[in-house]
2 protein chains.
Amino acid sequence: MNGEANGIELPTSVGYLLKEAATALRVAMEAVLRPLGMSVTHYSCLELLAQRPGLSNSELARGAFVTRQSMNVLLQTLEREGQVTRPQQPSAGRVLPTELTAEGRALLAQASAAVRGVEDRMKAGLAPDEQKVFADQLRRCITSLTEG
Amino acid sequence: MNGEANGIELPTSVGYLLKEAATALRVAMEAVLRPLGMSVTHYSCLELLAQRPGLSNSELARGAFVTRQSMNVLLQTLEREGQVTRPQQPSAGRVLPTELTAEGRALLAQASAAVRGVEDRMKAGLAPDEQKVFADQLRRCITSLTEG
DNA sequence: CCATTCATGTCAGTATTCTGACATACTGGA
DNA sequence: TCCAGTATGTCAGAATACTGACATGAATGG
């Protein structure tokens, strides 16, 4: 206990709780993805490609919340391992549209199931209608932080 | 970049939104802390020490969601710069209780004000009673993820 | 038409964090 | 008492992500 009136009570601040929840989610995802030899960014990349085939390196980077340089390193590895394919030459501009291979899809299927389990566990304490409210509140937080 | 009206929905899972919100918060905090020469972990460390003077390196690491090795590196820097103090010898066990200096407190005061502005902006779209619900839902998510 | 601006892919170097390892110190039970 | 288990601080190396920079291509506006 102290009388620091100007400080922020960390354990009860929404920002701290948000970081704590995101960290817990990341740790839980790493735990289930490690047996598959995948990182969270690796999984995010494959999941994004499954939903939106042909995404560019930069678009994947934004979707996975890393820099395009980091995503580029990952894509080179995944291409070498045969999980994704990129054309040797850009068809238009500098963009190299990326797509999943059959092997990539197979790996993703395992990872998706594992991650779905984590997400279900996370949402276990939220009633179905609460989940909608929760998602909506998260979106509003994102909007408020991004618009300025 | 091509338009976003492709008909393909952006990821809408709660887990993805949680990561997106946490990333937006981190970016916003980095933006306001950079002019003060502080990182988010640096700020978290000082804020924790203000609320709970005498925390050990390991306890600070857990509170800031980094490893104790990373926190140790930070504490050595902060001690050299005069923002925190640690006894040369442990009084009991191996624990070295850390405390803020006057300089550390002054820096924290500026940082707290800046971070409070970010948090207020994030919560701007949430009604006061919604904020309580939101925090409670975050706590339930943390509990569900941590108990497994 | 050309210049400016922006976005992309990529290379290089830097910075930060993590994992592994070790010695030390407390704790709880046999 | 002794011992296994746990926790701490710290050193060293590895992994990861970032910032800076450059050339190229597209889009925009004068």
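Just so we're on the same page: letters track the sequence lines, and every chain starts at 1. Keep in mind that the numbers below use all heavy atoms, side chains included, and drop hydrogens, waters and symmetry copies.
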Could you check whether [X] pairs with [Y] (Lys NZ or Arg NE/NH1/NH2 to Asp/Glu carboxylate O, under 4.0 Å)?
X         : Y         : result
Glu130(A) : Arg140(B) : yes
Asp120(A) : Arg116(A) : no
Lys132(B) : Asp136(B) : no

Handout entry: Sugar-phosphate only, base, or nothing, as touched by Thr41(A) at under 4.0 Å among non-hydrogen atoms
Key = sugar-phosphate

Exercise for the section: Determine the contact category for Ser70(B): base if any of its heavy atoms lies under 4.0 Å from a base atom, sugar-phosphate if only primed atoms, P, OP1 or OP2 are that close, otherwise nothing. Expected result: base

Practice task
Establish whether the base of dA23(C) is bridged to the side chain of Arg94(B) by a donor-acceptor pair shorter than 3.5 Å.
Solution key: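 Flag set: donor-acceptor pair detected.
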
Any idea which of [options] is nearest the [X] side chain?
X        : options                  : answer
Gln69(A) : dC18(D), dT8(C), dC11(C) : dC11(C)
Val95(A) : dG9(D), dG9(C), dC18(C)  : dG9(C)
Thr67(B) : dC18(C), dG9(D), dT10(C) : dC18(C)

Exercise for the section: Would you mind telling me which residue lines up with the more 5' stretch of DNA chain C, Glu30(A) or Ser58(A), judged by nearest nucleotide? Expected result: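 The answer here is Ser58(A).
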
For [X] and [N], what is the distance between atoms [atom1] and [atom2] respectively, to the nearest whole Å?
X        : N       : atom1 : atom2 : value
Leu74(B) : dC18(C) : CG    : C1'   : 15 Å
Arg68(B) : dT17(C) : CZ    : P     : 16 Å
Leu96(A) : dT10(C) : CG    : C1'   : 10 Å
Leu60(A) : dT8(C)  : CG    : C1'   : 13 Å
Gln89(A) : dT24(D) : CD    : C1'   : 13 Å
Met71(A) : dA7(C)  : CE    : P     : 19 Å
Lys19(B) : dA17(D) : NZ    : C1'   : 12 Å
Leu55(A) : dG9(C)  : CG    : C1'   : 16 Å

Exercise for the section: Check whether any side-chain heavy atom of Leu145(A) lies under 4.5 Å from a side-chain heavy atom of Val118(B), and answer yes or no. Expected result: yes

Handout entry: Side chain to side chain, Phe134(B) and Leu138(A), heavy atoms closer than 4.5 Å
Key =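 When only atoms from C-beta onward are counted, Leu138(A) and Phe134(B) do touch, with a gap below 4.5 Å.
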
Handout entry: Phosphate OP1/OP2 of dT10(D) contacted by Asn72(B) side-chain N/O (<4.0 Å)
Key =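 Answer is yes, contact under 4.0 Å.
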
Practice task
Would you please confirm or rule out a distance under 4.0 Å between OP1 or OP2 of dT8(C) and any side-chain N or O of Asn57(A)?
Solution key: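 No, outside the criterion.
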
Fill in the blank from the handout: DNA chain D nearest-nucleotide lookup for Gln76(B) and Arg62(B): closer to the 5′ end is Arg62(B)

